[in-house]
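To start, the structure under review is shown below, and the notes come after it.
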Amino acid sequence: MKYVNQPVQKTDAMALVTGKPVYTDDLAPKDSLIVKVLRSPHANAWVDTIKTENAMKVPGIVCVLTYEDVPQKRFTLAGQTAPEMSPDDRLILDRHVRFVGDAVAIVAGETEAAVDLALKRIRVKYQVETPVFDIHTAKDNPILVHPEEDWKLKIPLGGDNKRNLCASAVEEHGDVEKVLSECKYTVEHTYHTRANQQTMMETFRTACYLDHTGRLIVLSSTQIPFHVRRIVGRALDIPASKVRVIKPRIGGGFGAKQTSISEIYPAIVTWKTGRPSKMIYSRYESMICSTPRHEMEITVRAGADENGIIRALDVYTLSNTGAYGEHSSTTVGLSGHKSIGLYRHTEAHRFAFDVVYTNVQSAGAYRGYGATQGIFAVESAVNELAHKMGMDPVKIKELNMPIEGGPLPGYPDVPYAQSCAMDRCMAKAKEMMNWDSKYPFRDMGNGKVRGVGVAMAMQGSSIAGVDVGGADIKLNEDGSYTLALGCTDMGTGCDTVLAQMAADCLETPMENIVVFSVDTDISPYDSGSYASATTYTTGMAVVKACNELRRKICEFGADMLETDPKSVDFDGNYVFCTEDESKKVSLEEIGIKSTFFNNRELQVVKQHSSPLSPPPFMVGMAEVEVDKETGSVDVLDYVAVVDCGTPINPNLARVQTEGGIAQGIGMALFEDVQYTDKGKIRNNSFMQYKIPTRQDIGNIRVDFESSYEESGPFGAKSIGELVIDTPCPAIAEAIYNATGVRVRELPITPEKIAMGILKKNLEK
């Protein structure tokens with residue numbers, strides 16, 4: 001291949017680094033009304049009265065909307081392909097506000113100053129009720145987060161709003177209790193992961209206007225353009241055909257923009273007033289009323305025989321969805337499905353979960369999507385099991401890891417690992433880290449100790465049988481191609497990766513492929529950029545479309561050469577007779593004739609949905625240095641070896657891996673969405689909410705051990721989510737090896753380590 005598996009520069013690189021106007025706010029109509037939302041100061045309250053007359057008197061204010069002015073038809077903001085598993089539990093504006101920051105009123109005006117003044121002049125009288133914050137007492141609590149009668153769960157997933165349950169289920173294979181009782185070694189521990197914010201550079205933002213036919217045009221920074229069209233239509237109670245969504249360049253999403261956070265507010269303003277509008281979330285709003293990672297408490301029981309073969313795994317996840325249920329049941333599912341499958345000899349396994357409503361901001365999608373929490377718990381439990389047996393954790397993983405052709409217990413999307421290089425990933429990581437000389441720890445003699453830790457991970461490649469990728473490839477009159485995509489490039493470089501595939505399929509220079517980003521009116525349907533689906537699923541749609549276009553080009557060229565299509569071939573520049581290569585017709589001639597003379601447009605639209613979700617695999621190893629006096633931790637070195645099938649663009653795959661590891665380090669050591677006893681977020685800016693800087697993440701070294709996935713384009717699998725999954729358990733294990741302190745709640749702060757060391761010393 002000329003382009004696939006090559007480190008090609010991103011197609012939009014120069015536009016971004018030179019500051020071209022490519023983002024939502026750059027492209028919003030200049031006369032847009034400014035839209036902001038009045039937000040609740042209470043975690044659980046009802047709006048008794050709301051007075052807006054004084055707000056409307058502010059010069060420049062065009063409209064103030066309350067619950068009385070918007071449709072009262074419930075919907076979900078979750079953007080995921082049908083069947084939609086999230087409950088319909090939202091209104092644009094509701095009398096019942098369910099967390100500090102919930103929407104109470106919408107204000108639109110000519111200037112930001114006018115809107116800010118109007119927000120201050122709205123007078124609201126609340127009937128305040130007691131909130132429920134504790135995930136342990138939320139289930140069957142007499143305080144109901146959603147007492148309404150029109151709460152609706154379209155798919156039976158065990159949810160019951162009258163029990164504060166968003167979802168609940170038990171999956172079991174074999175007799176877990178019997179097998180555990182037969183195991184020589186067992187462990188049972190509970191692991192707690194706190195909520196984390198995605199903190200992408202570009203906050204949520206949307207601009208709306210009406211076109212000349214009265215259709216609503218939504219210009220938005222979103223991962224899910226086609227789902228936004230549906231969501232906005234349902235929220236406004238208008239046909240989706242009245243809504244057109246255009247996606248500009250996105251400044252990061254990490255899953256946050258898989259939920260329709262900002263779109264409904266300017267949409268209802270424009271629909272009501274007929275005027276362009278825009279809403280730009282401040283960083284403060286992005287911290288207090290978006291969709292952080294689900295807080296989860298996961299109890300793991302694991303059992304192994306005397307040889308270190310893991311025979312049974314029992315996983316129970318208690319997940320906090322917050323005030324609304326976006327992505328609640330799908331996210332919790334991955335906490336078990338992506339962790340249990342890491343241990344191939346498991347004879348019996350059980351996975352149970354409860355997802356509860358509480359009066360904090362709604363959780364949602366975040367890179368890793370539940371697997372991150374589940375893998376932290378299961379990998380930590382297995383590491384603890386190895387220590388109980390006196391075995392190197394690397395050894396227990398080598399004995400039990402997935403192997404090519406081997407089973408993936410508890411992973412419903414693929415019965416076996418049809419492509420897997422986990423064994424080579426482990427061997428390579430062990431070599432890169434120089435594991436044998438560093439394990440378990442080294443005392444540096446200055447009050448500091450260095451320890452190493454290891455973790456494995458697997459993710460998925462799209463949602464099997466659900467996610468859809470779309471590609472539209474067209475030959476232009478000058479011999480160039482237009483590739484229209486329905487997926488969303490949010491900085492990952494998927495436009496580049498898909499253009500690489502198209503260029504090799506059509507044997508043409510990459511600069512000859514013009515990539516057109518998403519416009520729901522003209523782009524092929526694509527379920528969106530989430531669930532690690534783009535390269536794998538949309539990539540196959542691109543390959544199918546290009547191969548079909550090649551066939552059509554050959555047929556058209558054969559007609560021009562007056563010969564049988566079976567006797568011609570195409571080399572990217574010419575269609576030529578295989579028996580006499582001097583008889584040929586150029587691609588430009590074909591483009592001109594097909595466009596202007598024959599009215600036979602050479603264009604192909606293809607979609608692809610995979611019945612499988614082949615997992616990519618990864619091994620991560622961390623080396624940390626701990627100050628035994630203060631408990632402070634420095635991540636010195638992080639080694640990652642990834643099997644993502646064929647890396648289509650090794651540079652972009654490497655950057656994806658490095659970024660995911662940096663986020664994982666943040667989750668392990670720093671990030672924690674915290675609330676007051678009234679439900680107000682304590683860390684509502686980057687002054688309080690710490691994310692890792694370059695100085696905090698140490699040296700990150702990445703390598704690839706490729707397998708070949710037959711169901712993927714050019715043998716590729718996914719990479720986007722997988723790479724955040726190993727830092728939490730690897731760092732927790734490294735800290736344990738350095739100090740003997742096992743911290744089972746993230747983030748692992750210096751205080752927790754120091755107190756753990758103190759406790760150990762007192763016990764001596």
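Values in this document were obtained by computation on a predicted structure and should not be read as measured data. Heavy atoms only: backbone and side chains are in, while hydrogens, waters and symmetry mates are out.
The residues D519 and R244 are annotated as salt-bridged, a charged nitrogen and a carboxylate oxygen being separated by less than 4.0 angstrom. Between K154 and D88 there is a salt bridge, since at least one side-chain N of the basic residue sits less than 4.0 Å from a carboxylate O of the acidic one. The existence of a salt bridge linking D489 and K247 is excluded, since no basic side-chain nitrogen approaches an acidic carboxylate oxygen closer than 4.0 Å. Between E129 and R98 there is no salt bridge, since no side-chain nitrogen of the basic residue lies less than 4.0 Å from a carboxylate oxygen of the acidic one. Under 4.0 Å is where a charged nitrogen must lie from a carboxylate oxygen, and between R90 and D94 no such pair does.
With no hydrogens or angles considered, no side-chain donor-acceptor pair links N161 and Y357 at under 3.5 Å. Side-chain contact check for K278 and T206: no donor-acceptor pair (N or O, by modelled atom type) lies under 3.5 Å. Side chains of Y530 and T81: a donor-acceptor N/O pair is present below 3.5 angstrom, by distance only. Remark: the E171 side chain and the H337 side chain contain an N/O donor-acceptor pair separated by less than 3.5 Å. In this model, a donor atom of one side chain and an acceptor atom of the other lie less than 3.5 Å apart for E295 and N320.
Taking the side chain to side chain donor-acceptor pair (under 3.5 Å) definition, one finds that T199 meets it with nothing, sequence neighbours left out. Contacts of Y265 classified as ring-ring contact (aromatic ring centres under 6.0 Å, His included), with partners at least two apart in sequence or in another chain: none. With sequence neighbours excluded, the residues satisfying side chain to side chain contact (heavy atoms under 4.5 Å, CB included) with I298 are M296, V300, V315, T317, S335, Q373, A377.
Note: K139 NZ to T358 OG1 = 15.0 Å, rounded to the nearest 0.5 Å.
Ring pair H227/Y525 is perpendicular by interplanar angle, where above 60° counts as perpendicular and below 30° as parallel.
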